[in-house]
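Residues take their numbers from the sequence shown, with the count starting at 1.
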Amino acid sequence: MSRRVVRQSKFRHVFGQAAKADQAYEDIRVSKVTWDSAFCAVNPKFLAIIVEAGGGGAFIVLPLAKTGRVDKNYPLVTGHTGPVLDIDWCPHNDNVIASASDDTTVMVWQIPDYTPVRNITEPVITLEGHSKRVGILSWHPTARNVLLSAGGDNVIIIWNVGTGEVLLSLDDIHPDVIHSVCWNSNGSLLATTCKDKTLRIIDPRKSQVVAERFAAHEGMRPMRAVFTRLGHIFTTGFTRMSQRELGLWDPNNFEEPVALQEMDTSNGVLLPFYDPDSSIVYLCGKGDSSIRYFEITDEPPFVHYLNTFSSKEPQRGMGFMPKRGLDVSKCEIARFYKLHERKCEPIVMTVPRKSDLFQDDLYPDTPGPEPALEADEWLSGQDAEPVLISLKEGYVPPKHRELRVTKRNILDVRPPASPRRSQSASEAPLSQHTLETLLEEMKALRERVQAQEERITALENMLCELVDGTD
């Protein structure tokens, strides 16, 4: 009897290739802050990188097409008074990005489609609730305007960015610093890792730990965890002898790992990037010069090594493009943006195919930019899987959509009035609450008018520059 030695997989020949020199982004002073985040975030429109900045924190946002040398005076996003530690693009609006900082705040920014003429200094909203540095950000995968932040105060806060309100605060679950937080595919559960060496599965709406595993990796160095498509947890960490290790766990039976593999003795924390469409996990170590990738299946040994992309220079951070930003005509299944000391270099992962036709086995329908739920629907207990789109015709990012923030009047403790009330403002008795409400509304209206006037001024400046250029 002949037995099959080589495992059948369409991803066995995935290979990585660095982009040509003219496709890189040069002359960017990448942040030197010692923090284990990716320092880079990317979507189908923009590339954002945390950069060195005097007197506060900043990041740069470049249109994807703006490759080559970046002007040293290129406008930055500056508003934080301390170093920026993490950035994350909103999955439902390609022009909205959140930033977390050492200054204890989270800021949400609207990035225009045109190149701004000066630094962006005014966030759409500033979220204040942490008492120490904020180092982790993660948008909810399916609910509109829901953002998670985790800080050095060991607290996880879930915000409604559309109103600026705290939806949930998980402040008595983690006794020590939180190393990583990950939503599952429909945003009903969180997987967290903590300095106390415990891997936890949390139901955030019940503020309850559903399952936990102490010392999933026995070493003291930081551990990371991500949900897989089948509901398992993929982890990276260190052994007691400081060897790097990866694990796969079933939350329904945390006693024994599904798989546990030692890797090497390097000391860089491994950042796992998981693609649910192909069930491939890419491991990028900070300070490594390689990207290892593995396929996760339901057949032993469950985590199958595929290959390693190696280069000469170590990576300081890494951005991972969502599936809808890839070039399907070239059978591209992943794209990374590798940070060097002074530049950012795209790395493309491709499955070689002879046919030029759309490869539907490589590109199942993937999460699109439309949210499946509103924030209050999710908070009330509803769950929904992501709204999927086909990549057959390629993906074209929608035009600029503005993030509108409607702050509720925190001075008014009464329940909000029904929109059907017919009583006019002149008939209503002018209580202290009503007066404060009117003042708040007038203030908000003035701010909106001022923002519109600034936008008109910016457009007029651009128009003048264009006219001068054509002369």
- Item | S290 OG to D264 CG distance, which is reported to the nearest 0.5 Å | 7.5 Å
- Any side-chain donor near an acceptor of the partner, T239 and H217, under 3.5 Å: no
- Item | Pair L190-I201, side-chain contact (heavy atoms from CB on, under 4.5 Å): steps then yes or no | CA-CA 6 Å; L190 297 170; I201 310 300; over 6 Å; no
- Task: May I ask you to check whether H232 and W249 place their ring centers less than 6.0 Å from one another?
- Result: no
- Message: Can you confirm whether the side chains of S311 and K338 place a donor and an acceptor under 3.5 Å from each other?
- Response: yes
- Query: With a 3.5 Å cut-off and no angle check, do the side chains of S380 and D376 form a donor-acceptor pair?
  - Reply: no
- Message: Between the side chains of K132 and D153, is the shortest nitrogen-to-carboxylate-oxygen separation below 4.0 Å, so that they form an ion pair?
- Response: no
- Message: Could you tell me if T105 and H80 have a donor-acceptor pair between their side chains, going purely by distance under 3.5 Å?
- Response: yes
- Task: Pick out which of Y274, Y293, F273, F11 makes a ring pair (Phe, Tyr, Trp, His ring centres under 6.0 Å) with Y282.
- Result: Y293
- Query: Quick one: side chain to side chain contact (heavy atoms under 4.5 Å, CB included) partners of N119, sequence neighbours excluded?
  - Reply: P75, L76, T78, T121
- Message: Can you confirm whether the side chains of H174 and N154 place a donor and an acceptor under 3.5 Å from each other?
- Response: no
- Query: Can you name the closest pair of heavy atoms from V30 and E52 and give their distance?
  - Reply: O-CG, 3.7 Å
- Does a salt bridge link D298 with R229, judged by any charged N lying under 4.0 Å from a carboxylate O? no
- Whether over 12 other heavy atoms sit under 6.0 Å from K195 NZ: no
- Task: Look at the rings of W109 and F59 and say which category their plane angle falls in: under 30° parallel, 30 to 60° tilted, over 60° perpendicular.
- Result: perpendicular
- Message: Is the shortest side-chain heavy-atom distance between Y25 and P346 below 4.5 Å?
- Response: yes
- Task: Could you check if a side-chain atom of I158 sits within less than 4.5 angstrom of a side-chain atom of L147, using non-hydrogen atoms only?
- Result: no
- Item | salt bridge (charged side-chain N to carboxylate O under 4.0 Å, His left out) against R205, all qualifying residues, sequence neighbours excluded | D383
- Could you tell me which non-hydrogen atom of D88 sits nearest to which non-hydrogen atom of S138, and how far apart they are? OD2-CA, 3.5 Å
- Pair E165-T163, side-chain donor/acceptor within less than 3.5 Å: yes
- Message: K392 vs D365, test: salt bridge (charged side-chain N to carboxylate O under 4.0 Å, His left out). Steps then yes/no.
- Response: CA-CA 9 Å; K392 190 163 188 177; D365 288 356; over 6 Å; no
- Message: Check D288 with R244, please: is the shortest side-chain N to carboxylate O separation under 4.0 Å?
- Response: yes
- Would you sort out whether T235 and I233 count as a side-chain contact (heavy atoms from CB on, under 4.5 Å), showing the intermediate values? CA-CA 6 Å; T235 59; I233 312 291; 4.0 Å; yes
- Query: If you look only at pairs with a residue in residues 218-228, which of them pass as a salt bridge (charged side-chain N to carboxylate O under 4.0 Å, His left out), with sequence neighbours excluded?
  - Reply: E218-R240
- Okay, side chain of Q315, backbone of G285: is any donor-acceptor separation there less than 3.5 Å? yes
- Note on the structure: Sequence neighbours excluded, the answer for side-chain hydrogen bond (donor to acceptor under 3.5 Å, both in side chains) partners of T193 is S180
- Please report the closest heavy-atom contact between S149 and V106, naming both atoms and the distance. CB-CG2, 3.8 Å
- Decide side-chain hydrogen bond (donor to acceptor under 3.5 Å, both in side chains) for T142 and E385; before the verdict, give the C-alpha distance in whole Å, the side-chain angles of both, and the deciding distance to 0.1 Å. CA-CA 7 Å; T142 63; E385 292 299 322; over 6 Å; no
- Could you go step by step and tell me if L283 and M263 meet the side-chain contact (heavy atoms from CB on, under 4.5 Å) rule? CA-CA 11 Å; L283 301 183; M263 287 176 57; 3.8 Å; yes
- List the steps, then state whether side-chain contact (heavy atoms from CB on, under 4.5 Å) holds for W378 with H140. CA-CA 10 Å; W378 175 77; H140 192 286; 3.0 Å; yes
- Nearest heavy-atom contact between C284 and F336 is SG-CE2, 3.9 Å
- Are R7 and H304 linked by a side-chain donor-acceptor pair shorter than 3.5 Å? yes
- Task: Would you kindly say whether H92 and E370 are connected by a side-chain donor-acceptor distance under 3.5 Å?
- Result: no
- Task: Of all the heavy-atom pairs spanning C40 and L47, show the shortest one and how long it is.
- Result: SG-CD1, 3.6 Å
- Message: List the residues meeting side-chain hydrogen bond (donor to acceptor under 3.5 Å, both in side chains) with T228, not counting sequence neighbours, and say none if there are none.
- Response: none
- Message: Are more than 12 heavy atoms, taken from residues, nucleotides or ligands other than Q208, located less than 6.0 Å from that residue's CD atom?
- Response: yes
- Of T126, I125, I87, the one forming a side chain to side chain contact (heavy atoms under 4.5 Å, CB included) with M107 is T126
- If you draw the axis of the six-membered ring of Y395, does the NZ or CZ of K323 fall within 45° of it and under 6.0 Å from the ring centre? no
- Message: Can you tell me how far apart CG (L189) and CD1 (I202) are? Round to the nearest 0.5 Å.
- Response: 9.5 Å
- Message: Checking T350 against E332: is there a side-chain donor and acceptor pair closer than 3.5 Å?
- Response: no
- What pairs with V166 under side chain to side chain contact (heavy atoms under 4.5 Å, CB included), at least two apart in sequence or on another chain? I157, W159, S169
- Could you walk me through whether D103 and S101 pass the side-chain hydrogen bond (donor to acceptor under 3.5 Å, both in side chains) check? CA-CA 5 Å; D103 66 9; S101 167; 3.1 Å; yes
- Mind checking whether W183 and F227 have ring centres under 6.0 Å apart? no
- Which atom names give the shortest non-hydrogen contact between F39 and R316, and what distance separates them? CD2-O, 4.2 Å
- Message: Would D275 and S279 count as a side-chain hydrogen bond (donor to acceptor under 3.5 Å, both in side chains) here? Give the steps.
- Response: CA-CA 5 Å; D275 172 20; S279 205; over 6 Å; no
